[in-house]
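Quick note on labels: first sequence line is chain A, next is B, and so on, each numbered from 1. Quick caveat, the model's predicted, so the values are computed rather than measured.
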Amino acid sequence: MDLEKLRFGTDLVKRGFAKMQKGGVIMDVTNAEQAMIAEEAGAVAVMALHKVPADIRAAKGVARMADPKKIEEIMDAVTIPVMAKCRIGHIMEARALESLGVDMIDESEVLTPADPFFHIDKRKFTVPFVCGARSLGEACRRIWEGAAMIRTKGEAGTGNVIEAVRHMRLMNFAIERICKMDDSEIHEVAKNYANAYKKLAESVDISFNEKEAIYEEYTIEDIIEGIYEILKEIKKLHRLPVVNFAAGGIATPADAALMMMLGADGVFVGSGIFKSSNPPAYAKAIVEAVENWRDASIVAEASKGLGEAMKGREISELEEKLQIRGI
Amino acid sequence: MKVAVIAVQGDVEEHVDIANKALENLGIKGKAFATIKKEEVRKADAIILPGGESTTISKLIFKENIAEEIKKSANEGKPIMGTCAGGILLAKHGDEQIAKTKTKLLGLMDIWIKRNAFGRQRESFQIKLNIKKIGEFEAVFIRAPAILKVENNVEILAKLDNYIVACQQDNLLALAFHPELTNDTRIHEYFLEM
């Protein structure tokens, strides 16, 4: 094949991959056997992990990229795409995952962040990224950095859907507001959203010049203009310019259908499947509910006799909220 | 003209949007819409199977009996287009991945399809492709399948190296790439006039 004519890792190819996942369920798995259960149930992709979020939460300590051997076993076991998580800002974990050939990297708050200032500049990679967001500001920053897909952060490992709903509602409301604004108002919002990139420069007690790069090769002016363009596109499209999934606390078919109703393009289910009493049944039922979320009778039918859902956690009783990581 | 985009999973809205633009460009009165209802698929004048995960889409169209309606429409001579995963489902002959995952195919086209023929997402690409009857076209391949061979009744429209990436059998059109991800309506226009 004439390799020179092929263009890899373009925006169209990266965002296109995410679009192929729409209307689907992406399931967290920790081994080949679980991955096969997910594929058999109709998952559109699997997320290869060392532990599911509920176990990461229970284990405490530092959570890192999964063992590449485990990831490869999962890649060999299924024909659907395999995603894997790297720590926020951990460029080397991301490069390692890219070299393994995973189909998408989740720069995830579920793992312990590696960089206190920045996320990865995802434009520099061939592999597409998904990132969590609690708000439109976080979503815009991640998209500007090159994320091909956004997901709500929710609160992973809790089986409690309230935070995913919160983040989806916050994002939807903010998009509605943007749609009513004129260009100068939108520019102000962009300035505001860009402030997060000043954290490093402002932590150093030497004044910085606005014309100097503050993140990778970009000046604050570049960042504001980049985010401004994304916001204008959001106004035009009346939605994010990339696919937006729900994640973080989805435990039942009805939870998944609720997130679809609130406008999610699809759903990530982390602990909800393999922490339930009957993973194959939960996996199939959640796939069915996501496809048929418009028809409550099918959601009800899919929810019948599944056995125990994962044990949920009250948000106020958590020792640590993962969602505040990496904003 | 009613154009049904099968909406069980995948890039459905992209097909709806571009098919509506194609209808408008052709001056054809009609509408493209997303559906998972058997009755709506039945009444459609043309059907599109979008890109997505073929394993997922296959399970759901057979479970909900949408597959039967698509087969009936195909036999009645209505135009049906499958892009990427959709193209896989149109095929009569699958590869070892399709056998391993026990993916049911619609079996409408006399073609041999290979899933993920170019590799994983890292190996996904876009390229200016020369397509018979269409011309040069910006084609986006995402974990794309390829058609290894076809029977004599299938017309090859485009090749990439030794792989067939677009072909037509009477009223059926299978593509390995995603015209719906670009703004170029020519393939959808060609399809609607098939």
Minimal heavy-atom distance between K100(B) and D76(A), with the atoms involved, is NZ-O, 4.2 Å

What heavy-atom pair brings T79(A) and T101(B) nearest, and what distance separates the two atoms? OG1-CG2, 3.4 Å

How about N75(B): does its CG atom have over 12 heavy atoms from other parts shown lying under 6.0 Å from it? yes

Distance-only, no hydrogens or angles: does the E53(B) side chain make a donor-acceptor pair with backbone N or O of E39(A) under 3.5 Å? no

Toward chain A, the part of T55(B) with a non-hydrogen atom under 4.5 Å: side chain

Best-contacting candidate, E123(B), E64(B), K128(B), against chain A by heavy atom pairs under 4.5 angstrom: E64(B)

Report yes or no: does R122(B) contribute a side-chain atom to a donor-acceptor pair with the main-chain N or O of E98(A) at less than 3.5 Å? yes

Given a strict heavy-atom distance threshold of 4.5 Å, which part of T182(B) is in contact with chain A: side chain, backbone, both, or neither? side chain

Would D11(B) and K22(A) satisfy salt bridge (charged side-chain N to carboxylate O under 4.0 Å, His left out), going step by step from the backbone distance to the final call? CA-CA 6 Å; D11(B) 67 337; K22(A) 287 200 298 181; over 6 Å; no

What part of V140(B) gets closer than 4.5 Å to chain A, counting heavy atoms only: side chain, backbone, both or neither? side chain

Which atoms of I36(B) approach chain A - backbone, side chain, both or neither, heavy atom under 4.5 Å: side chain

Okay, R120(B) and chain A: the region with an atom under 4.5 Å from a heavy atom over there is both

Minimum heavy-atom separation for R115(B) and I80(A), please, with both atom names. NH2-N, 4.3 Å

Evaluate the criterion salt bridge (charged side-chain N to carboxylate O under 4.0 Å, His left out) for residue pair K63(B) and E288(A); output intermediate values, then yes/no. CA-CA 10 Å; K63(B) 186 160 189 277; E288(A) 218 180 323; 2.9 Å; yes

Nearest atoms (heavy-atom pairs only) where Q126(B) meets V13(A): N-CG2, 3.9 Å

For V44(A), is it the side chain, the backbone, both, or neither that has a heavy atom closer than 4.5 Å to a heavy atom of chain B? both

